[in-house]
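Just so you know, these numbers use all the heavy atoms, side chains as well, and skip hydrogens, waters and symmetry mates. Order of the sequence lines fixes the chain letters, A, B, ..., with proteins taken first and strands second; residue numbering starts at 1 for each chain. Model, not experiment: these values are computed from the prediction.
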2 protein chains.
Amino acid sequence: MKYSRQRELILETIRQSPIHPTAEEIYSRAKEKMPSLSLGTVYRNLALLSELGMIGKLEASGDHSVHYDGRNDEHCHLVCTKCGSINDIELDTLPTIDSAVARKTGFIVTEHEIVLKGTCAACAAHAKSES
Amino acid sequence: MKYSRQRELILETIRQSPIHPTAEEIYSRAKEKMPSLSLGTVYRNLALLSELGMIGKLEASGDHSVHYDGRNDEHCHLVCTKCGSINDIELDTLPTIDSAVARKTGFIVTEHEIVLKGTCAACAAHAKSES
DNA sequence: ATAGCTGCAAAATGTTTGCGCGAAA
DNA sequence: TTTCGCGCAAACATTTTGCAGCTAT
């Protein structure tokens, strides 16, 4: 893979964002630093980086676009269906699951997408104070 | 909610399909039985049925469309990245997770999307016999 | 020198929506 | 008879792609 300033910027932008940004969000933030950047380039690099496992990908956010994650280790996500926030969470029981699945079904797990949907603490508090 | 023959047919079609069909697949199967059926109606009813919890929804299939599931109880999915097959699996450790999450973070889990991606038994066997 | 990446714009894909008609209550 | 759902087609949002020029190696 050849180096490109665009790819470096895109990767940097994802890593610095805490919100699990979409392609569009990554584009508009990165474009501030490199106004010539094009959206097609963002998409091409997101595909590349996530294929290489350098960034994470979250398809099940519930809005209609893919979100990206600067972390590339295995972890889970909490998606609030009220405010749309996405947060990381570690679930220690998970590593054991893969081998259990392999034993039971012969399916070889190489990656997860584990999303728990519901109401985040902030939205729950907000709802309570309203009632 | 008012009864409609279309909705009944759509629900029936999903329940009879073992493959976790997409809207397009549901449409073309159902259209065989009701040629006047329109794709917009399929989408409207899928939104309705999954909002009511009568069918399941799978966003993280890896192809670029939403898949639906005749089962509406909580279970997990195995998505083969080689052949695209989607299969159900029960993971008994999961019910405990929700309360653990709530205790740790205050997040109230109302639904899951738990997808394990990798190579299914059939594709693994196929790869082995080729090498 | 050349392979690969970019910007641009057009196209493709999957999904949603407005409207006027027909069917259920 | 009134309300809701339907079929149709247009609109929409997101993502992908072809091309010609530029950049890293």
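- The separation between B:E8 atom CD and C:dA24 atom P is 11 Å, rounded to whole Å.
- Residue A:S4 places no side-chain N or O under 4.0 Å from the OP1 or OP2 atom of C:dC5.
- Rounding to whole angstrom units, CG of residue A:L46 and C1' of D:dT17 are separated by 16 Å.
- Between the P atom of C:dT15 and the NE2 atom of B:H64 lies a distance of 11 Å, rounded to the nearest Å.
- A:E51 and A:K57 are not joined by a salt bridge, as no carboxylate oxygen comes within less than 4.0 angstrom of a charged side-chain nitrogen.
- Nucleotide C:dG14 holds its C1' atom 14 Å from the OH atom of B:Y27, rounded to whole Å.
- With hydrogens and angles left out, the side chain of A:R44 and the base of C:dG4 share no donor-acceptor pair within 3.5 Å.
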| Given the rule in the salt bridge (Lys or Arg N to Asp or Glu O under 4.0 Å) test, do A:D73 and A:R71 qualify, once you have shown the distances and angles that lead to the verdict? | CA-CA 6 Å; A:D73 60 321; A:R71 284 178 61 178; 2.7 Å; yes
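- Among the atoms of the strands shown, none is found under 4.0 Å from any heavy atom of B:R5.
- A close approach under 4.0 Å does not occur between any side-chain nitrogen or oxygen of A:Q6 and OP1 or OP2 of D:dT23.
- Listed here is the closest heavy atom pair of B:T13 and B:A30: OG1-CB, 3.7 Å.
- A:E25 has its CD atom 11 Å from the P atom of D:dT15, to the nearest Å.
- In this structure, B:I89 and B:H75 approach most closely via the heavy-atom pair O-CB, 3.7 Å.
- Of the two residues contacting DNA chain C, namely B:T41 and A:L37, the nearest-nucleotide position lying further toward the 5' end is that of A:L37.
- The side chain of A:V66 lies closest to D:dT15, out of D:dT15, C:dT15, D:dC8.
- Looking only at distances, a side-chain donor or acceptor of B:R7 sits under 3.5 Å from a matching main-chain atom of B:K2.
- Of all nucleotides listed (C:dT15, C:dT6, D:dA24), D:dA24 comes nearest to the side chain of A:Y3.
- Distance CD (B:E24) to P (C:dA12): 16 Å, rounded to an integer number of Å.
- In terms of position along DNA chain C, the nucleotide closest to A:M1 lies nearer the 5' end than the nucleotide closest to the other residue of the pair A:M1 and B:Y68.
- Distance from the side chain of A:K2 is smallest for C:dG4 among the nucleotides C:dG4, D:dC8, C:dT15.
- At whole-Å resolution of the value, CG in A:D63 and P in D:dT14 are 8 Å apart.
- Within the 4.0 angstrom heavy-atom criterion, only backbone atoms of the sugar-phosphate kind lie near A:S36; the bases stay farther away.
- As a whole-Å value, the separation of B:Y43 OH from D:dG5 P is 20 Å.
- Between B:S38 and D:dC8 there is no side-chain polar atom (N or O) within less than 4.0 angstrom of OP1 or OP2.
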